[in-house]
Amino acid sequence: MAAKKPGVIVLFDVDDTLTAPRKEATQEMLDFIQKLRKVVTIGLVGGSDLDKISEQLGKTVTNDFDYCFTENGLVAHKDGKSIGIQSMKLFLGEDKLKELINFTLHYIADLDIPIKRGTFIEFRNGMINVSPIGRNCSQEERDEFERYDKVHNIRPKMVAELRVRFAHLNLTFSIGGQISFDVFPKGWDKTYCLQYLEDFNEIHFFGDKTYEGGNDYEIYESPKTIGHSVTSPDDTMAQCKALFLY
């Protein structure tokens, strides 16, 4: 195995990079991460909050990774505490936030898709997460919606409408995962976490939504990172082994 590489950090997205969407990481992946950690500093930057990411990567996730960034990097976790929290509510104010939420709910109400469940808007610290089908759907329904969305472009069409309607609010609309997209102020994307990593001279990022409009795009394209686009957890392991372990 290669020796520890000083000044090098490897950051990972979660869904479709370390795990299947919203599913637990395999033991093979968890073992691989710890093997990789002996060679480079590792971190994660996911769109979900810490509770959801812990369901996928384990309750000790903040100890298993050297750096843990949630909500697209807007919340940093260190020594079991959350630091650097940004607030979308404070950024927009209640009136503008209500305008955005009201329009979004009306849009979803008029949307004709095969099924709808519940929790169409999830309010987080630095963003809101919008799901046309509703986050209360089952895994089977989640998989079905993802296939439906790839054909009918439900999320891309909705994002395009919101971009025009709320251009005055200076927001970013970023598609991620299977069933939803994130809404947050411009500049509050995954590159936000890079401010905590200035001591590293080589920052690698691995993610699957690296295309424009995907929630990995900005950090993948950042001049501060070396971006790697992956198609699955197996692909992530294969690329990392080739780059860092042999």
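Note that the numbering runs from 1 along the sequence shown for the chain.
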Quick one: side chains of residues 218-226, donor-acceptor pairs under 3.5 Å with protein atoms, not counting sequence neighbours, listed by atom name and distance.
residue	atom	partner	partner atom	Å
S222	OG	K224	N	3.1
T225	OG1	I219	O	2.6
T225	OG1	S222	O	3.3

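Using a 4.5 Å heavy-atom threshold, the side chains of E55 and E24 count as separate. The shortest distance between side-chain heavy atoms of I33 and F12 falls below 4.5 Å.
By the side chain to side chain donor-acceptor pair (under 3.5 Å) test, N136 pairs with T119, sequence neighbours left out.
Under 3.5 Å, the side chains of T70 and D49 contain no donor-acceptor pair of N or O atoms. Side-chain contact of T210 with S229: a donor-acceptor pair under 3.5 Å is present, judged by distance alone. In this model, no donor atom of one side chain and acceptor atom of the other lie less than 3.5 Å apart for D15 and Q178. Checked by atom type, the side-chain pair N72/D189 shows no donor-acceptor distance below 3.5 Å.
More than 12 heavy atoms of other residues, nucleotides or ligands lie within 6.0 Å of CG in N102, so this atom counts as buried by the packing criterion.
The distance from atom OG of S48 to atom CD of Q56, rounded to the nearest 0.5 Å, is 6.0 Å. Interatomic distance, D216 CG to I175 CD1, rounded to the nearest 0.5 Å: 12.5 Å.
Ion pairing between D13 and K190 holds under the 4.0 Å rule for side-chain N and carboxylate O.
Note on ring orientation: taking the six-membered ring where Trp is involved, the planes of F206 and F244 are perpendicular (angle over 60°, cut-offs 30° and 60°). A perpendicular orientation is assigned to the rings of F103 and F166, their planes being inclined by more than 60° (bins at 30° and 60°).
Under the ring pair (Phe, Tyr, Trp, His ring centres under 6.0 Å) criterion, the residue pairs touching residues 129-165 are Y148-H152, with sequence neighbours excluded.
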